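Reading through the structure tokens given below for one structure.
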Amino acid sequence: MTTRPEIKSPPFPADTVAIAGAETGVLRIDLDALVNNWRALARRVALAECGAVVKADAYGLGVARVVPALAAAGCQTFFVATPREAGEVRALDGRARIFVLDGLFPGAADDILAAAAIPCLASLAEVEDWAAHARRIGARLACALHVDSGLHRLGLPLDEVRRLAARPALLESLDVVLVMSHLAAADDPADPANAAQLAAFTQLRRLLPGAPASLAASDGLMLGPDFHFDLVRPGYALYGGQAFRGARAPVSPVVSLYARVLQVRDVEPGGAVGYSASWRAPRASRIATLAVGYADGLGRAASAPTGAPGGSVIIHGARLPIVGRVSMDLITVDVTDCPVPVARGDVAEVIGPTLTLEAAGADARTIGYEVLTRLGRRMPRVYVGGSA
Ligand SMILES: *Cc1c(COP(=O)(O)O)cnc(C)c1O
């Protein structure tokens, strides 16, 4: 490395982070930032309702803290993936509307009813199944109809929508509260699939009973008002993600992961670092060993064999490269060029305001979504802010 890493003027935030003696680091989750993000997205969609996607344990951040914080801010509609997740959210919020995105699994109707949740019915078979349950219990049951506008993943395709439209009796026992679809390429505003899916969704809706509509997730809502309809369903952006390539979403980071420096050592030119000696020092080097590894969610793909780029961390404000293999509990970082000498007890930012979810994702050859949902359980979690 020839260029000296840039350093931010002290104090760098990580330098003020306290890590408990028995712990390797800390995962900080800022509930005020989360709530501000939800409010900013809600303002962005103006007349449409802004829900919140809290599937997969609120993208790994913990539904038990995320749902009450958002509900206190006024969020009334939550989306989960599975019936079990719906039960978890219901236990936290007795009044919320809860949609189950994965739809109606065979045998899951009682769980969905117990959670007073709304399945996003995604095939004619699911519609028939839910209608049979409505007849069984003698009540109209709320549902969303998930139509396929081109993602070809879940949702009623055009021919099933036509068959459903030809059988109005099937929908008599159901209360269709939402017609929804999902975009395939909303992160790229230049992708023609967006306009094609918008047109397909509009056409599919015309075949179905009039009901509020939802098409956009985090990126879709950035595509503009044509995509907002009645309800938007952001997930990633609430948690500070910036996946949209057209502009910055009006959100700030929610998650920071800090890890401690355990040791710093000198390695001679040619000295091998880490498992399988995948990296050898090209010069006399200072190598810091940090207490964070793939068990904490850092992708092993962030490993950096000799000559290949890998991940990085921030120490004293300087971005410094991971060298050698990421192991379960440890990483090794080349701190030779850090303008402030690195020492035992220093704290590194692994994810945070400087090393964003997108940067951490790119470093690990993946996306910020996967970084979030893979955060490990070993680091203590500190929630800051929130009304609860
Ligand atoms: C996960 C998901 C969302 C939320 O997507 P983000 O990109 O995280 O905003 C919305 N709708 C559906 C159908 C989903 O599966």
Side-chain angles (χ1 to χ4, degrees), residues 34 37-38 40-42 44-45 48-61 63 66-67 70 75 77-83 85-86 89 97-104 117-123 126 143-156 178-189 191 193-194 197-198 200-201 204 212-223 227-251 253-255 357-358 361 366-375:
L34 170 85
N37 290 347
W38 181 77
L41 295 173
R44 183 89 179 198
V45 300
E49 181 186 349
C50 188
V53 181
V54 295
K55 61 193 180 187
D57 198 26
Y59 290 45
L61 301 187
V63 276
V66 165
V67 166
L70 291 174
C75 181
T77 300
F78 294 94
F79 290 84
V80 296
T82 73
E85 290 173 354
V89 173
R97 264 201 320 173
I98 305 170
F99 288 98
V100 181
L101 289 169
D102 278 4
L104 181 60
I118 306 169
C120 299
L121 303 174
S123 68
E126 289 183 17
C143 69
L145 293 176
H146 183 170
V147 298
D148 180 9
S149 58
L151 180 60
H152 299 150
R153 190 177 70 173
L154 287 178
L156 292 121
L178 189 71
V179 176
M180 60 162 287
S181 191
H182 197 43
L183 296 167
D187 59 322
D188 182 1
D191 195 313
N194 295 318
Q197 282 195 262
L198 180 62
F201 183 55
L204 288 163
S214 177
L215 181 60
S218 297
D219 295 335
L221 72 86
M222 294 293 294
L223 291 171
F227 289 82
H228 295 167
F229 293 92
D230 301 292
L231 171 67
V232 295
R233 324 181 293 268
Y236 188 53
L238 293 176
Y239 310 110
Q242 293 281 354
F244 188 66
R245 286 188 263 158
R248 271 192 75 75
V251 297
V254 170
V255 182
L357 286 172
E358 282 61 50
T366 180
I367 54 173
Y369 288 74
E370 194 181 358
V371 172
L372 272 184
T373 53
R374 284 189 177 230
L375 290 169

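Just so you know, these numbers use all the heavy atoms, side chains as well, and skip hydrogens, waters and symmetry mates. Indexing begins at 1, ligand by ligand and atom by atom, following the structure's order. What you are looking at is a predicted structure, and each value in this text was computed from that prediction instead of being measured.
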Residues in the immediate environment of ligand 1 (any heavy atom closer than 4.0 angstrom): Val53, Lys55, Tyr59, Leu101, Arg153, His182, Ala217, Ser218, Arg233, Pro234, Gly235, Tyr236, Tyr369

Short side-chain donor-acceptor distance under 3.5 Å, Gln197 and Ser181: no

For the residue pair Tyr239 and Tyr59, categorise the inter-ring angle as parallel (less than 30°), tilted (30 to 60°) or perpendicular (more than 60°). tilted

For residues 235-245, which residue pairs qualify under salt bridge (Lys or Arg N to Asp or Glu O under 4.0 Å), counting only residues two or more places apart or in two chains? Asp187-Arg245

Assess whether atom CZ of Arg97 is packed by more than 12 heavy atoms of other residues, nucleotides or ligands within 6.0 Å. yes

Can you name the nearest heavy-atom pair linking Arg233 to Val53, along with the distance? O-CG2, 3.2 Å

Under 3.5 Å: donor-acceptor pair, side chain of Glu126, backbone of Leu104: yes

